[in-house]
Asker: 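Before I ask anything, here is the structure I am working with.
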There are 2 protein chains.
Amino acid sequence: MTTPQTSADIIDLGPDLCLRGTRMRFERNAEIFGEEEPAEYIYRVVSGAVRTIRFSPDGRRQILAFHMPGDVFGVEIGDAHSCTAEAVSACDVVLVRRSLLQKAANEDVRAARRWLEMTGQNLLSAQDHTLILGHKGAGERVASFLLRFAERTAGGQHIDLPMSRADIADHLCLTIETVSRTLSELERQCAIALPTSRHVVMRSRSALMQLQAAA
Amino acid sequence: MTTPQTSADIIDLGPDLCLRGTRMRFERNAEIFGEEEPAEYIYRVVSGAVRTIRFSPDGRRQILAFHMPGDVFGVEIGDAHSCTAEAVSACDVVLVRRSLLQKAANEDVRAARRWLEMTGQNLLSAQDHTLILGHKGAGERVASFLLRFAERTAGGQHIDLPMSRADIADHLCLTIETVSRTLSELERQCAIALPTSRHVVMRSRSALMQLQAAA
DNA sequence: CGGGCGATTGATTGCCTTCAAACGTGGTGG
DNA sequence: CCACCACGTTTGAAGGCAATCAATCGCCCG
């Protein structure tokens, strides 16, 4: 439903600018690439979900982002990956050799431009995330997360979470317990419904918006 | 002391790749550019210090980064600035028309490459900052900040902070009081000395390193 | 039916924020 | 030259929120 089968095994950089690659399947929790590894490919999600991760010096993991069908990830500036990527659920991913992107960027200004834009978008996302983590409480973080995720998957009021509470917790810098408690609290306030733990129904979008913006 | 007068009014993008601009002086707390404003120039700090800021929906400010002499800032991907820049102290800044960077990127792959690298470096910094804010306490945040700042200014054990406690607080997502208390505590532990509130002497680098890495 | 994992709920602790007051310093005007 | 004021900083006391520790629940799968 999220991605039509017609999507070819390519990464689209704009008009007349497609890079051909190969499709590959990863099982749940499989590593797609690891931090410090040579960045041989760039990736696009076809189906399923992917998480990109970095680890703190003390071993805690921080989930930088979740990547949904259509999203491109693993595009590095240097020659090594700066983060790890894992399959949140079983997923199909298109791999395109990074040398193709490199070549395209050297020959076509538009490709270079596109590369820059993707990196810039990641930068803005990272900054947005910093703002959310900076001075927001658990309720606001979870509300922000749900709203943002709902936007990206375009499933209307219904959100199917592919990730566990632990994943959400490591993304929002909370504990599993706090995420769970917060979702329960939102349900108690009738802002959402939780038919199952992975299925969220947004009952009151405005309530979530209000929460998100709260001090 | 930080920057020799010999530095010309240019922004250096690598070998044979300098963009000419003009120098300008800003007084303490003066706005250099504002969020959403057209990004007409890119900037380099000559002397003094600059902060880049974004505001939360609720009005709180988040200092994304401090820029010291030699640092380039205000390089945007889109046509508008995504953050505000202000002078932390009175400072000299070089302004280069963004159209020159645009032109250089179109004509020379190395310039485009440099642009990409700068953005990528900002992305990594933003992610590092997320990691620090994510699961670290006040002591670790302040220790990280001091170590990082000391590295960048290369003043040996001596750190001259150009910014106020409020600036540090808004960078580390703490309150002024907590920053002050934490610095006092570090002094009590003999990790640092505080001859004046803006002058920090690192007494035990290893103690700070240890703190920084703590859970 | 049993086992294991993820999720939920409860009780307690600890850290940071908030509110409040005092301190020191630099600048200004008398 | 000194008194005064403003602002940034420091320190103290109390409260709130999320982390931690701990137990139970529910579900999927063997």
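Reminder, nothing fancy here: chain letters follow the sequence lines and each chain counts from 1.
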Asker: Could you tell me whether A:S184 contacts a base, only the sugar-phosphate backbone, or nothing, with contacts defined as non-hydrogen atoms closer than 4.0 Å?
Answerer: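 Counting heavy atoms under 4.0 Å across all strands, the contact made by A:S184 is with sugar-phosphate only.
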Asker: Please determine whether a side-chain nitrogen or oxygen atom of B:S180 lies at a distance below 4.0 Å from atom OP1 or OP2 of D:dT9.
Answerer: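 It does not, given that no N or O in the side chain of B:S180 lies less than 4.0 Å from OP1 or OP2 of D:dT9.
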Asker: Send over the distance from A:R165 CZ to C:dC5 C1', rounded to a whole Å.
Answerer: 14 Å
Asker: Let me test you: for the helix from C:dC1-D:dG30 to C:dG30-D:dC1, what is the angle between the axes at its two ends (five pairs each), rounded to 10 degrees?
Answerer: 30°
Asker: Between OG of B:S89 and CE of B:M163, what distance do you get to the nearest 0.5 Å?
Answerer: 9.0 Å
Asker: Name the closest nucleotide to the B:E177 side chain, picking from D:dG8, D:dA22, D:dT11.
Answerer: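 Closest nucleotide among those given: D:dT11.
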Asker: How about B:E185 and B:Q189: does a side-chain donor come under 3.5 Å of a side-chain acceptor?
Answerer: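 Present: a donor and an acceptor within the cut-off.
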Asker: Rounded to the Å, how far apart are B:R198 CZ and D:dG8 C1'?
Answerer: 8 Å
Asker: With no hydrogens and no angle check, do the side chains of B:E76 and B:S82 hold a donor and an acceptor under 3.5 Å apart?
Answerer: yes
Asker: Rounding to an integer number of Å, can you tell me how far A:K136 NZ sits from D:dC17 P?
Answerer: 16 Å
Asker: What is the distance, to the nearest angstrom, from the CG atom on B:L183 to the C1' atom on D:dG8?
Answerer: 14 Å
Asker: Atom CG in A:L161, atom CG in A:L146: separation rounded to 0.5 Å?
Answerer: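 Rounded to the nearest 0.5 Å, the CG-CG separation comes out at 6.5 Å.
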Asker: Salt bridge or not between B:D170 and B:R60? Use side-chain N to carboxylate O under 4.0 Å.
Answerer: no
Asker: Can you work out whether B:R188 or A:R141 has the more 5'-proximal nearest nucleotide on DNA chain D?
Answerer: B:R188
Asker: Over how many whole Å does the gap from B:L194 atom CG to D:dT11 atom C1' extend?
Answerer: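 Those two atoms, CG and C1', are 14 Å apart.
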Asker: Roughly how far apart are A:T182 OG1 and A:F145 CZ, rounded to 0.5 Å?
Answerer: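 Going from OG1 on A:T182 over to CZ on A:F145, the span is 12.5 Å.
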Asker: A:L172 CG to D:dA19 P: how many Å, rounded?
Answerer: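 My rounded result for the distance is 11 Å.
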Asker: Reckon A:S197 touches a base, only the sugar-phosphate, or nothing at all at heavy-atom distances under 4.0 Å?
Answerer: sugar-phosphate
Asker: Closer than 4.0 angstrom, basic N to acidic O: yes or no for A:K136 and B:D58?
Answerer: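 Salt bridge: no.
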Asker: Give one of base, sugar-phosphate or nothing for B:T178, where a contact means two heavy atoms less than 4.0 Å apart.
Answerer: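 Base contact.
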Asker: Between D:dT10 atom P and B:I192 atom CD1, what is the distance in whole Å?
Answerer: 10 Å
Asker: Donor-acceptor pair under 3.5 Å: do we get one between A:R181's side chain and the base of D:dT20?
Answerer: yes
Asker: Once you round it to whole Å, what is the distance between C1' of D:dA18 and CD of A:E140?
Answerer: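 Answer to the nearest Å: 13 Å.
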